[in-house]
Amino acid sequence: MPELPEVETVRRVLEERLRGLRITAYKLGQPTFYRRPPDLKHLIGSTVEFVRRRGKYLVVGVSGRRELVLHLGMSGRLAFGAAGPHLRFQLMLQGEILGFHDARRFGRVGCPLPELGPEPLDSCFDPAYLHKALHDRKAPIKALLMDQRIVAGIGNIYATESLFQAGIKPRRPAGRLSKPEMARLVKAIKTVLRRAVKLGGSTLEDAAYLDPLGRPGRFQKRVSVYGRSVGACGHALKATRKPISGRTSLFCPICQK
DNA sequence: ACGAGTACCTGGCAGC
DNA sequence: TGCTGCCAGGTACTCG
């Protein structure tokens, strides 16, 4: 389940490895993967100039101001070389092949970049912004943290961790958070994400996230709540009875108010 | 406009 | 042992 820290880790590897290489061809896998098979002919012959990240999206910028947008979905994985299971897409470059593997097929290649909220690690994502975005909303805070139009790049793992860190129950109506709580939440999100980026993201037991060089993340060892039965606080964790945004949610009934 | 719910998809695992 | 069925979740969709 790649979220911001995992995608950022992938971005760094790709930029290092692909920058300056010319795209020579591409190959689409089974058509069932694509809602509409993307036409990427215009990329052929251009050179990779940078790889940027926007939320959970990867954007490969090539010469001539063209771009290739990728989304890893929840099981998508990029790897060098054409070998591997569930190969959906291949990008051939000078002396390099980038393969997109995706068992669950939630990933996207060549899609448009949608409208997204601010990057959580940008300075414009601050308590004033969050207050403005949430003060009139009644949905659970966790659902809105995972809403990519409010803030980009946060999914179940990092929403869960951030809310624990900030001491806020995931079901709380977003608009009822106090200003100090919003400030705490912003701080928690930034702290959790920075730390996760530093550790190369999270590789959970079932969802085998690996970077394009096959390396796992190390943040899972530092997780406080997600996937645990006892929190970092030492208390037994609880799962919300009803899912939030269709997702199960773990929290500490003592530390989170 | 908002909030809730569901479809998409398949590997892995619990339970029988 | 082998089967069934449920769960995981990012995004896009529908419905009220």
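Within every chain, numbering begins at 1; the chains are lettered A, B, ... in the order of the sequence lines, protein sequences first and strands thereafter. These numbers were taken from a predicted model, which means no experiment stands behind them.
For A:F89, the ring-ring contact (aromatic ring centres under 6.0 Å, His included) criterion is met by no residue, not counting sequence neighbours. Evaluation of the salt bridge (Lys or Arg N to Asp or Glu O under 4.0 Å) rule for A:R22 yields no partner, not counting sequence neighbours. In this structure A:D39 satisfies the salt bridge (Lys or Arg N to Asp or Glu O under 4.0 Å) test together with A:K41, sequence neighbours excluded. Under the ring-ring contact (aromatic ring centres under 6.0 Å, His included) criterion, A:F219 pairs with A:Y158, sequence neighbours left out.
Of the possible donor and acceptor atoms, one in the side chain of A:R53 sits under 3.5 Å from a partner among the backbone N and O of A:G55. For the pair A:T203 (side chain) and A:Y209 (backbone), a donor-acceptor distance under 3.5 Å is present. At least one donor-acceptor pair under 3.5 Å links the side chain of A:S178 to the backbone N or O of A:E181.
For the side-chain hydrogen bond (donor to acceptor under 3.5 Å, both in side chains) condition, no pair includes a residue of residues 183-194 of chain A, sequence neighbours left out. Residues in residues 120-132 of chain A take part in no side-chain hydrogen bond (donor to acceptor under 3.5 Å, both in side chains) pair, two or more places apart or across chains. For residues 102-121 of chain A, there are no ring-ring contact (aromatic ring centres under 6.0 Å, His included) pairs, not counting sequence neighbours. Sorted by first then second residue, the side-chain hydrogen bond (donor to acceptor under 3.5 Å, both in side chains) pairs that include residues 243-257 of chain A, not counting sequence neighbours, are A:K142-A:S249. Among pairs with a residue in residues 64-75 of chain A, those fulfilling side-chain hydrogen bond (donor to acceptor under 3.5 Å, both in side chains) read A:R52-A:E67, A:S75-A:D102, at least two apart in sequence or across chains.
Taking atom CD1 on A:I150 and atom C1' on C:dG10, their separation rounds to 16 Å, with Å as the unit. When rounded to the nearest whole Å, the span between CZ of A:R104 and P of B:dT10 equals 11 Å. As a whole-Å value, the separation of A:L145 CG from B:dG3 P is 13 Å. If you take CZ of A:R77 and P of B:dT10, they are 19 Å apart, rounded to a whole angstrom. Here C:dA8 presents its P atom at 12 Å from CG of A:L204, a figure rounded to the nearest Å. Rounded to whole Å, the distance from CD on A:E115 to C1' on B:dA1 is 16 Å. A straight line from CG of A:L58 to C1' of C:dG10 spans 14 Å, rounded to a whole angstrom. With rounding to whole Å, A:N156 atom CG is found 13 Å from C:dC7 atom C1'.
Sorted by residue number, the members of residues 128-142 of chain A with any non-hydrogen atom under 4.0 Å from DNA chain B read A:R137, A:K138, A:A139, A:P140.
Note on A:H86: every side-chain N or O is 4.0 Å or more away from OP1 and OP2 of B:dC9. Listed pair A:T248 / C:dA8 meets the phosphate criterion, a side-chain N or O lying under 4.0 Å from OP1 or OP2.
Five base pairs at each end of the helix from B:dC2-C:dG16 to B:dC16-C:dG2 define two local axes, and these are offset by 50° (rounded to 10°).
Comparing C:dG10, B:dG3, B:dG11 by their closest approach to the side chain of A:L144 singles out B:dG3.
Mapping A:A103 and A:P243 onto DNA chain B by nearest heavy atom places A:P243 at the nucleotide closer to the 5' end. Heavy-atom distances to DNA chain B give each of A:K242 and A:F106 a nearest nucleotide, and the one nearer the 5′ end belongs to A:K242.
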Problem set entry | Reading 5' to 3' through nucleotides 11-16 of chain C, protein heavy-atom contacts under 4.0 Å coded B for base, S for sugar-phosphate only, - for none | BS----
